[in-house]
Colleague: 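If you scroll down you'll find the structure; I have some questions about it.
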Amino acid sequence: MSTTETTPQTTNEDTSVAAPQTSEQGLEQTGGEQEGATENKPPQAPTEEQQSGKNKNESGGQQEEGAGDKQQQQGEEQKGAPETYEIEAPKGVTYDAEVMGKASEVFRELNLPNDAANKIVNSIAPAIAEAQAKQIKAIRDQWETAFKTDPDIGGDKADETLAMSAKGRDAFGSDALKQLLEDTGFGSHPEFIRYFAAVGRATSDDGMVGGRSGGNSPSTSDVLYDHPTS
């Protein structure tokens, strides 16, 4: 009887045992997997409730904006040109009705409210009045200069001329005429002074004071309208 020997066979299989992972390494691996899953996750569409709320908010904003524009437009219409402008002049000042009528036409074309029209008029009216007063004074100054330099009635004859002019004015001029000359400044015009001085000299002649007493004395109409000269 023979004895068979059995030889143990070896294999090339790796019999090494993997080292156990620590808790920190496990957490890092788990976190990386979760992060990758989050990055690769497709975006979710808004729910019907979320979409409805978004639409309501947008719609509400548009309605509020539209309402604001409408209110602003209505306010501008209410502040537009009135049917009749009522211009309130400062105390002691009277505006020319014709001038205010023309101004109102322009205000209406510009659709200005009444308060804006009042502000414009009351702002520029004093400046216009001041400019007119300066212009009138400049004209009167020119008349006075012309009188003083006139060779016939001015110069060293100026005082006598003014005395005779006042006498002629007072003798035949009415109170209304005196007021007119004062208001308009025409009393300073050299031709008015010349005219009334001639009238004053005529009234100083014999036969003129107290009426006509001589056939050769000029009549009142001759003195007033024929412009006699001295």
Colleague: Please table the atom pairs, donor to acceptor, closer than 3.5 Å between any side-chain atom in residues 81-92 and protein atoms at least two apart or in another chain.
Modeller:
residue	atom	partner	partner atom	Å
Y85	OH	F107	O	3.2
Y85	OH	L112	O	2.5

Colleague: Once you round to the nearest 0.5 Å, how far does NZ of K134 lie from NZ of K137?
Modeller: 10.5 Å
Colleague: Write down the atom of P126, the atom of S123, and the distance for their closest heavy-atom approach.
Modeller: CD-O, 3.8 Å
Colleague: With hydrophobic residues grouped by side-chain heavy-atom distances under 4.5 Å, do M164 and F172 end up in a single group?
Modeller: no
Colleague: If I take atom OG from residue S165 and atom CZ from residue R194, how far apart are they, to the nearest 0.5 angstrom?
Modeller: 11.0 Å
Colleague: Looking at D115 and K119, is any side-chain nitrogen of the basic one under 4.0 Å from a carboxylate oxygen of the acidic one?
Modeller: no
Colleague: Taking atom CG of L180 and atom CG of D175, what is their separation to the nearest 0.5 Å?
Modeller: 12.5 Å
Colleague: Could you tell me whether a side-chain N or O of D150 sits under 3.5 Å from a main-chain N or O of A146, the two making a donor and an acceptor?
Modeller: no
Colleague: For a quick test of your reading: what N or O donor-acceptor pairs under 3.5 Å do the side chains of residues 95-102 make, sequence neighbours left out?
Modeller:
residue	atom	partner	partner atom	Å
Y95	OH	N122	OD1	2.7
D96	OD2	E98	N	3.1
D96	OD2	V99	N	3.0

Colleague: With under 30° as parallel and over 60° as perpendicular, where do the rings of F196 and F192 fit, or are they tilted in between?
Modeller: parallel
Colleague: Can you name the side-chain contact (heavy atoms from CB on, under 4.5 Å) partners of T161, sequence neighbours left out?
Modeller: F147, I153, K157, I193, A197, R201
Colleague: Starting at OG of S188, measure out to CD of E182 and round the result to the nearest 0.5 Å.
Modeller: 10.0 Å
Colleague: Can V93 be reached from I124 by stepping across I, L, V, M, F, W or Y side chains whose heavy atoms are under 4.5 Å apart?
Modeller: yes
Colleague: Is any side-chain heavy atom of T203 closer than 4.5 Å to a side-chain heavy atom of K167?
Modeller: yes
Colleague: From D170 CG over to L177 CG, what is the distance, rounded to the nearest 0.5 angstrom?
Modeller: 10.5 Å
Colleague: If the threshold is 4.0 Å, N to carboxylate O, is there a salt bridge linking E105 and R108?
Modeller: no
Colleague: When rounded to the nearest 0.5 angstrom, what is the spacing between NE2 in H189 and CZ in R140?
Modeller: 12.5 Å
